[in-house]
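Positions are given from 1 along the sequence. From a predicted model like this one, the values you see are computed outputs, not experimental measurements.
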Amino acid sequence: PALLTPHAGELARLLEVPREDVESRRLHFASAAARRWNATVLLKGSTTLVVAPDGRVRANPTGTSALATAGSGDVLSGLTGALLASGLDPFDAGSVAAYVHVLAGRLAARTAAYPSATEVLDALPPELAVGLMLLSASPGGATANLFSHLAKGDVALNITLTAVNSILSLLTLPLIVNYSLEAFMG
């Protein structure tokens with residue numbers, strides 16, 4: 001499963017159509033891209049669209065111009081990566097990440113009209129940042145999902161890796177919790 005996070009200009013280049021066309025028919029082109037690449041497409045904008053290849057659509061109308069800054073999309077990609085690693089499917093990961101991204105942008109905009117990507121990232125509520133760290137490190141998370149995908153969905157491998165991750169988590173989760181608490185909550 002893949003999750004693409006373009007803005008209108010990037011999607012226009014990928015589809016080889018004028019940007020104006022994408023901006024005037026956002027749902028049409030996001031849906032076309034999702035079907036074409038069999039991937040969930042999160043089309044960033046003042047109203048962010050999340051479109052699954054099966055036709056499901058979610059719209060997040062809470063956008064803010066504070067996120068129209070270089071690197072802000074990287075923060076969104078990091079959020080989607082953490083949520084995907086936790087086991088959420090791309091459609092749900094994209095929807096949640098879009099909402100959290102806007103929340104962080106609005107919080108960062110309280111101190112700067114156009115916050116930097118670092119300021120957006122720093123505006124994430126610390127409890128949420130710690131939670132995302134834990135989700136991405138949880139047993140059955142990123143490692144098991146990656147190797148299972150590479151092994152073409154081998155269930156036995158996935159179960160084995162989840163068991164190994166569970167044992168490793170006894171050692172790693174306390175380290176990740178302590179690091180996250182220190183880094184994000186001071």
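- Side-chain heavy atoms closer than 4.5 Å link hydrophobic residues (I, L, V, M, F, W, Y) into clusters, and following such links, even through other members, never connects Leu49 to Phe91.
- Legend: residues meeting side-chain hydrogen bond (donor to acceptor under 3.5 Å, both in side chains) with Thr48, ordered by chain and number and at least two apart, are absent.
- Checked against side chain to side chain contact (heavy atoms under 4.5 Å, CB included), Ala93 has the following partners two or more places apart in sequence or in another chain: Leu83, Leu84, Leu88.
- Listed by first then second residue, pairs satisfying salt bridge (Lys or Arg N to Asp or Glu O under 4.0 Å) with a partner in residues 16-32 read Arg19-Glu23, not counting sequence neighbours.
- Listed by chain and number, the residues in a side-chain hydrogen bond (donor to acceptor under 3.5 Å, both in side chains) with Arg56 are Asp54 (sequence neighbours excluded).
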>> Working note: Leu15 + Arg36, criterion side chain to side chain contact (heavy atoms under 4.5 Å, CB included); need CA distance, chi angles, decisive distance, verdict.
In response: CA-CA 10 Å; Leu15 293 173; Arg36 179 176 176 180; 3.4 Å; yes
>> Test side chain to side chain contact (heavy atoms under 4.5 Å, CB included) on Thr62 and Leu103; report intermediate values, then the result.
In response: CA-CA 9 Å; Thr62 64; Leu103 172 66; over 6 Å; no
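- A distance of 13.5 Å separates CG in Leu79 from OH in Tyr99, rounded to the nearest 0.5 Å.
- Take Ala34 and apply the side chain to side chain contact (heavy atoms under 4.5 Å, CB included) test, not counting sequence neighbours, and it matches Val41, Val51.
- For the side chain to side chain contact (heavy atoms under 4.5 Å, CB included) criterion with Leu43, the lone passing option out of Leu27, Leu11, Thr5 is Leu11.
- Scored by the side-chain hydrogen bond (donor to acceptor under 3.5 Å, both in side chains) test, Thr118 finds no partners at all (sequence neighbours excluded).
- When all heavy atoms of Lys44 and Glu10 are compared, the closest pair comes out as NZ-OE1, 4.1 Å.
- Contact record, Thr80 with Gly94: CG2-CA, 4.4 Å, taken as the closest heavy-atom pair.
- Across every non-hydrogen atom of Ala2 and Pro90, the tightest pair is O-CB, 3.8 Å.
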>> Please determine whether side-chain hydrogen bond (donor to acceptor under 3.5 Å, both in side chains) holds for the pair Ser72 and His101, giving the CA-CA distance in whole Å, both sets of side-chain angles, and the decisive distance to 0.1 Å.
In response: CA-CA 9 Å; Ser72 173; His101 187 238; 3.0 Å; yes
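- Counting heavy atoms from C-beta outward, Leu42 and Leu4 have side chains that stay 4.5 Å or more apart.
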> Stepwise, does the side chain to side chain contact (heavy atoms under 4.5 Å, CB included) test hold for Val50 with Thr40?
Replying inline: CA-CA 7 Å; Val50 182; Thr40 298; 3.8 Å; yes
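- What you find for Ala66 and Gly105 is that their closest heavy atoms are CB-O, 3.9 Å.
- Donor-acceptor pairing under 3.5 Å is recorded for the side chains of Arg58 and Ser95.
- Under the 4.5 Å side-chain criterion, counting only non-hydrogen atoms from C-beta, Pro53 is not in contact with Trp37.
- Nearest heavy-atom pair, Gly63 versus Arg106, reported as atom, atom and distance to 0.1 Å: O-NH2, 3.1 Å.
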